[in-house]
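Below, read A as the first sequence line, B as the second, and so on, with proteins coming before strands; counting in each chain starts at 1. Values in this document were obtained by computation on a predicted structure and should not be read as measured data.
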Number of protein chains: 2
Amino acid sequence: MARGAADCPTMTTMPATPPLPFEQHQRPMGLRERKKLKTRIAIRKATYRLIAEQGYDATTIEQIAAAAEVSPSTVFRYFPTKEDIVLTDEYDPVMEAALRARPGDEPPLESLRAVLTGAVASILEKEPEEMGRRTRLMLEVPALRARMTETMAETSSLLARPIADRAGREPDDPEVRVFTAAVMGALREALFHWGERGRQDDLVALVDRTLDVLKGGLRL
Amino acid sequence: MARGAADCPTMTTMPATPPLPFEQHQRPMGLRERKKLKTRIAIRKATYRLIAEQGYDATTIEQIAAAAEVSPSTVFRYFPTKEDIVLTDEYDPVMEAALRARPGDEPPLESLRAVLTGAVASILEKEPEEMGRRTRLMLEVPALRARMTETMAETSSLLARPIADRAGREPDDPEVRVFTAAVMGALREALFHWGERGRQDDLVALVDRTLDVLKGGLRL
DNA sequence: ACACCTTTTGAGGGTCACTGCCATTTGGCA
DNA sequence: TGCCAAATGGCAGTGACCCTCAAAAGGTGT
């Protein structure tokens with residue numbers, strides 16, 4: 001299991017997120033940072049390749065390190081757990097910002113709908129094959145599915161803050177928490193359904209549909 | 001992480017669940033089964049005691065085995081992972097049965113409400129201190145929180161079947177999945193909130209409130 | 001170009017959950 | 001009483017992850 005998601009310098013040191021989804025961060029960026037990004041990407045690539053060849057469980061950190069030409073220690077410095085190499089998700093802060101940027105009089109559910117569908121559409125457009133790989137793995141490997149679920153729970157409490165602010169409540173208000181948890185759960189189920197269907201459907205439309213279920217008060 | 005939740009004879013062999021929440025299974029039960037139940041309980045008790053003394057992470061399987069006077073192998077034969085010793089949850093099949101027993105014309109959300117509040121009330125009445133311990137640990141130990149979340153996702157897809165049947169849909173219908181996922185998410189958040197508040201509030205009422213949020217279409 | 005400081009890296013040793021395998025014991029039963 | 005299947009214990013892995021320390025490399029001022 002994820003023993004301790006220790007501090008990994010790369011994550012805390014870097015401006016925010018390397019392959020930033022929407023905007024760009026074009027500050028000079030010295031050789032040092034460029035190298036770090038390269039290493040990070042190399043580890044990722046090596047991981048995906050090895051997993052494609054041998055499967056997730058059969059792929060060891062040692063192999064990944066060798067393939068990426070770094071030491072095992074370095075792999076752990078870049079990613080706190082093996083699962084995170086596959087799943088690392090840089091979109092949380094972006095989504096929070098996007099959420100805050102929404103008009104204040106918009107119903108919260110609609111704000112979240114806009115943010116989520118926007119994010120999904122953006123990822124789907126920029127890195128479609130990466131998205132496919134990740135989703136497939138999430139479905140196949142229990143450890144990754146679990147980690148993903150956990151990540152979404154974290155995202156849920158992250159989004160609770162702006163939602164609570166807007167509704168004039170506390171972020172730990174049970175109603176606020178259920179709100180974000182339900183929305184993230186809907187996203188999760190949409191993603192899984194999409195993956196199980198071979199990723200042919202329109203994921204954005206699926207997300208929209210699932211959010212409609214919530215909006216309708218879970219009438220079936 | 002939970003490497004492989006292999007088959008553990010105890011779980012598959014036993015009638016269903018040893019400390020069955022509502023009903024009882026009073027079939028004869030030979031010496032063999034009685035002994036197994038004893039061992040199971042001994043492992044559990046030892047685990048709780050050791051964790052109370054030293055914390056979850058500091059407690060090793062070896063210590064647990066020694067305290068329960070069995071071998072480490074035996075511990076793993078009874079519980080697939082360390083997390084499961086703390087969290088094992090025997091209520092799923094009971095809940096599914098209770099759900100199926102609900103009147104067919106009842107709105108699905110209300111059926112689930114009845115089943116969940118009933119289950120919570122029952123546990124709270126029969127094993128209050130056990131419930132307290134588990135909830136506290138769930139909040140404190142990330143590994144346990146993660147495992148719990150995963151468990152609830154599984155319960156969610158378990159409940160999807162009866163719900164789908166009733167609604168005349170497929171269990172993997174995205175709307176059905178969102179439905180149960182949202183409900184289980186609400187339960188989770190209610191539980192967490194309860195735990196964070198020192199377990200003083202009325203948990204059943206909390207669950208009710210969170211389900212109302214869902215019923216209202218997530219208007220905040 | 002050189003020394004100086006900080007960050008990054010590699011190496012090695014250790015822990016512990018978890019897996020198989022196999023020999024032994026033990027309850028259940030003819 | 002003797003046989004079979006289930007349950008147990010012991011043992012030897014495997015692999016993720018932690019910790020610490022010394023070497024290497026980037027960045028900066030002279």
Side-chain angles (χ1 to χ4, degrees), chain A residues 1-14 28-40 42-43 47 50-51 54-66 68-86 141-144 146-147, chain B residues 1-14 28-40 42-43 47 50-51 54-66 68-86 141-144 146-147:
Chain A
M1 136 90 340
R3 302 275 182 93
D7 56 328
C8 86
T10 307
M11 294 185 132
T12 55
T13 302
M14 279 206 288
M29 203 195 229
L31 197 160
R32 214 165 207 156
E33 307 218 344
R34 256 178 293 137
K35 249 192 134 171
K36 279 208 288 193
L37 221 174
K38 250 195 175 144
T39 304
R40 195 181 182 76
I43 294 174
T47 305
L50 288 170
I51 289 180
Q54 344 170 328
Y56 178 84
D57 291 323
T59 302
T60 73
I61 295 284
E62 220 174 321
Q63 290 172 355
I64 293 172
E69 303 191 274
V70 293
S71 74
S73 338
T74 298
V75 174
F76 282 116
R77 268 192 273 264
Y78 278 78
F79 300 93
T81 71
K82 187 178 164 189
E83 291 120 41
D84 284 294
I85 306 180
V86 179
V141 183
L144 293 178
R147 184 82 178 87
Chain B
M1 145 82 340
R3 302 277 182 92
D7 56 325
C8 86
T10 306
M11 294 185 131
T12 55
T13 302
M14 277 205 291
M29 202 195 228
L31 196 159
R32 212 162 206 158
E33 307 217 345
R34 254 178 294 136
K35 249 190 134 172
K36 279 208 288 192
L37 221 175
K38 249 192 177 153
T39 305
R40 196 182 181 76
I43 294 174
T47 304
L50 288 170
I51 288 180
Q54 345 169 329
Y56 179 83
D57 290 323
T59 301
T60 73
I61 296 283
E62 219 174 323
Q63 290 172 356
I64 293 172
E69 304 191 272
V70 293
S71 74
S73 336
T74 298
V75 174
F76 283 115
R77 268 192 272 264
Y78 278 78
F79 300 93
T81 71
K82 188 177 162 189
E83 290 122 42
D84 285 295
I85 306 180
V86 179
V141 184
L144 293 178
R147 184 81 179 88

**Message:** Classify A:T74 by what it touches in the nucleic acid, base, sugar-phosphate, or nothing, heavy-atom distance under 4.0 Å.
**Reply:** sugar-phosphate

**Asked** Between atom CZ in A:R34 and atom P in C:dT7, what is the gap in whole Å?
**Response** 19 Å

**Integer-rounded Å distance: D:dC18 C1' and A:E62 CD** = 16 Å

**Message:** Once rounded to the nearest 0.5 Å, what's the spacing between atom NZ of B:K35 and atom NZ of B:K38?
**Reply:** 9.0 Å

**Item:** Closest contact, heavy atoms only, B:F79 versus B:D84
**Value:** CD2-O, 3.7 Å

**Message:** Just the rounded figure in Å: distance from P of D:dA16 to CD1 of B:I61.
**Reply:** 19 Å

**Request:** Mind calculating the distance between CD (A:E33) and C1' (D:dA25) to the nearest angstrom?
**Result:** 15 Å

**Fill in**
Testing D:dG10, C:dT8, C:dT26 for proximity to the side chain of B:S71, the answer is D:dG10

**B:Y78 vs D:dT8: side-chain N/O to OP1/OP2 distance below 4.0 Å** = yes

**Request:** Please say whether more than 12 non-hydrogen atoms of neighbouring residues, nucleotides or ligands are located less than 6.0 Å from CD in B:E62.
**Result:** no

**Prompt:** Atom CG of B:L144 and atom P of C:dA17: how far apart are they, to the nearest Å?
**Reply:** 13 Å

**Request:** To the nearest Å, give me how far apart NZ (A:K36) and P (D:dG27) are.
**Result:** 11 Å

**Item:** side-chain contact (heavy atoms from CB on, under 4.5 Å) evaluation trace for B:T59 with B:T47
**Value:** CA-CA 8 Å; B:T59 301; B:T47 304; 5.5 Å; no

**Request:** Report yes if a donor N or O on one partner sits less than 3.5 Å from an acceptor N or O on the other, where the partners are the side chain of B:R77 and the base of D:dG9; otherwise report no.
**Result:** yes

**Message:** Measure NZ/A:K38 against C1'/D:dG26 and give the value in whole Å, please.
**Reply:** 15 Å

**Request:** Give the nucleotide from the list D:dG27, D:dT8, C:dA11 with an atom nearest to the side chain of B:T39.
**Result:** D:dT8

**Pair B:V86-B:R147, side-chain contact (heavy atoms from CB on, under 4.5 Å): steps then yes or no** = CA-CA 10 Å; B:V86 179; B:R147 184 81 179 88; over 6 Å; no

**Request:** May I ask you to evaluate whether B:K82 reaches the phosphate of C:dC16, defined as a side-chain N or O under 4.0 Å from OP1 or OP2?
**Result:** no

**Request:** Whole angstrom is fine here: how far is it from CG in B:D57 over to P in C:dA17?
**Result:** 9 Å

**Fill in**
Testing C:dT9, C:dA17, D:dG9 for proximity to the side chain of B:V70, the answer is D:dG9

**Request:** Tell me which of B:T60 and B:K35 sits closer to the 5' end of DNA chain C, going by the nucleotide each one is nearest to.
**Result:** B:T60

